[in-house]
Amino acid sequence: MNNNSLILALPKGRILKACIPLLEKANIIPEPAFFDADSRLLRFKTNDPELDIIRVRSFDVATFVAFGTASLGVCGSDVLMEFDYPDIYAPLDLNIGHCRLSVAQLANTKDKNLGDPARWSQIRVATKYPNLTRRFFAKKGVQADIVNLHGAMELAPVLKLSHLIIDLVDTGSTLKANGLQEVETIVDVSSRLIINRTALKTQSVRINALTERFRQILSPQSAA
Ligand code: PRP
């Protein structure tokens, strides 16, 4: 590995799949191990000797970029809202990973107060977005007790761990399969190209060139 390589941090999971066509169009070709689901490698070379890719959890993409360990990354706007890192610049909406961040509850609840945001008072909420959740409820004058979970959020109301959840919803099928329903959409979400602000100053030529490649493939002209 080249020690001067720029590092692009990509999130594991469904966003990674959506990133692959974008990488291809931007002529960023990762080494074969990147596409091998059984590979335990976490850092990958690309066809550009000065660009490596790391594959990490979506929340960790923001952390790697905020600390400048990775100069660039692809990160959901949900994660950016949660951390609000001042060192991250997010110049491009990549138009992938579209979903929404919503409040949900049990579909068959008898508690009318839960289904009506205007009646929320003190409430327990399971989420992997503690900061965002606190801010959301504080704006409504509601004190939320937050239960931190990192996945399988939908179980929390079913097992009475919480009254509500705040989680990503795409098709809605996970909510439905677990007997939940959306109460309120907080915000629409999509994935952004993110850049460490210091790296943008110190390695501006290389980073601007890469950003421009992504901008080109997203522009309406290039789709024509
Ligand atoms: C996300 C989210 C929901 C689900 C929503 O989880 O946390 O559980 O997708 O998608 P749907 O509305 O299409 O059913 P993901 O599968 O990314 O895994 P995670 O639980 O590890 O976050």
Side-chain angles (χ1 to χ4, degrees), residues 1-99 128 150 168 170 188-224:
M1 306 274 174
N2 178 345
N3 280 341
N4 290 323
S5 289
L6 285 181
I7 293 180
L8 169 66
L10 296 180
K12 292 178 181 178
R14 60 174 93 184
I15 306 296
L16 187 66
K17 280 193 194 139
C19 286
I20 289 173
L22 284 185
L23 294 178
E24 220 171 86
K25 286 184 194 159
N27 192 31
I28 297 169
I29 307 183
E31 63 179 307
F34 178 79
F35 300 99
D36 176 359
D38 294 329
S39 171
R40 306 303 298 163
L41 267 183
L42 297 170
R43 179 173 177 167
F44 306 90
K45 288 184 270 190
T46 71
N47 58 329
D48 178 345
E50 298 205 320
L51 179 68
D52 288 349
I53 291 175
I54 58 171
R55 204 168 52 188
V56 297
R57 286 172 187 267
S58 60
F59 277 59
D60 295 342
V61 167
T63 307
F64 274 98
V65 174
F67 283 84
T69 315
S71 302
L72 308 101
V74 172
C75 184
S77 51
D78 53 323
V79 177
L80 296 177
M81 282 176 70
E82 170 64 13
F83 289 126
D84 203 15
Y85 280 124
D87 295 326
I88 291 181
Y89 171 54
L92 277 185
D93 186 337
L94 295 170
N95 200 20
I96 57 171
H98 288 283
C99 57
K128 59 180 171 187
H150 299 285
L168 296 179
D170 179 13
D188 287 322
V189 169
S190 62
S191 296
R192 311 292 159 97
L193 180 72
I194 60 170
I195 302 174
N196 174 274
R197 288 187 189 275
T198 307
L200 185 58
K201 287 184 195 140
T202 56
Q203 304 180 80
S204 60
V205 174
R206 289 158 76 199
I207 291 180
N208 283 329
L210 266 174
T211 307
E212 200 43 43
R213 267 148 82 176
F214 282 104
R215 202 186 300 279
Q216 291 280 329
I217 61 176
L218 294 167
S219 73
Q221 289 93 324
S222 73

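All of these numbers come straight from a predicted model, not from anything done at the bench.
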Answer yes or no: is there a side-chain heavy-atom contact under 4.5 Å between [X] and [Y]?
{"X": "L210", "Y": "I28", "result": "yes"}
{"X": "Q216", "Y": "R213", "result": "no"}
{"X": "I207", "Y": "Y89", "result": "no"}

L193 CG to R215 CZ distance, which is reported to the nearest 0.5 Å =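 Answer for the CG-CZ pair, L193 versus R215, is 9.0 Å.
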
Distance-only criterion, 3.5 Å: show the donor-acceptor pairs between side-chain atoms of residues 11-22 and protein atoms not counting sequence neighbours.
residue: R14; atom: NH1; partner: D170; partner atom: OD2; Å: 3.4

ask   = Nearest heavy-atom pair of K128 and H150: which atoms, and what distance?
value =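 Scanning both residues, the minimum pair turns out to be CD-O, 4.1 Å.
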
message = Please determine whether side chain to side chain contact (heavy atoms under 4.5 Å, CB included) holds for the pair L218 and L94, giving the CA-CA distance in whole Å, both sets of side-chain angles, and the decisive distance to 0.1 Å.
response = CA-CA 7 Å; L218 294 167; L94 295 170; 3.8 Å; yes

Partner set under side chain to side chain donor-acceptor pair (under 3.5 Å) for [X], not counting sequence neighbours:
{"X": "N208", "answer": "none"}
{"X": "D78", "answer": "Y129"}
{"X": "S204", "answer": "none"}
{"X": "D93", "answer": "S190"}

key: Pairwise side chain to side chain donor-acceptor pair (under 3.5 Å) hits with a residue in residues 21-30, at least two apart   =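 Applying side chain to side chain donor-acceptor pair (under 3.5 Å) to every pair that reaches into residues 21-30, excluding sequence neighbours, yields nothing.
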
Checking [X] now: which residues fulfil side chain to side chain contact (heavy atoms under 4.5 Å, CB included) with it, not counting sequence neighbours?
{"X": "S77", "result": "V189, R192"}
{"X": "D84", "result": "none"}
{"X": "D36", "result": "D38, S39"}

inquiry  = Could you walk me through whether I53 and L23 satisfy the side chain to side chain contact (heavy atoms under 4.5 Å, CB included) test, starting with their C-alpha distance in whole Å, then the side-chain angles of each, then the deciding distance to 0.1 Å, before giving a yes or no?
reply    = CA-CA 11 Å; I53 291 175; L23 294 178; 4.2 Å; yes

query = Which is it for L42 and I54 under the side chain to side chain contact (heavy atoms under 4.5 Å, CB included) test, yes or no, and what are the steps along the way?
reply = CA-CA 6 Å; L42 297 170; I54 58 171; 5.9 Å; no

request  = Could you tell me whether a side-chain N or O of R55 sits under 3.5 Å from a main-chain N or O of F34, the two making a donor and an acceptor?
outcome  =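 Pair found, side chain donor or acceptor close to backbone of F34.
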
What side-chain donor-acceptor pairs closer than 3.5 Å can you find for residues 57-74, not counting sequence neighbours?
residue: T63; atom: OG1; partner: F59; partner atom: O; Å: 3.4
residue: T63; atom: OG1; partner: Y85; partner atom: OH; Å: 3.4

task = Not counting sequence neighbours, which residues clear salt bridge (Lys or Arg N to Asp or Glu O under 4.0 Å) with R206? List them please.
result =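 Once residues adjacent in sequence are excluded, the partners of R206 under the salt bridge (Lys or Arg N to Asp or Glu O under 4.0 Å) criterion are E50.
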
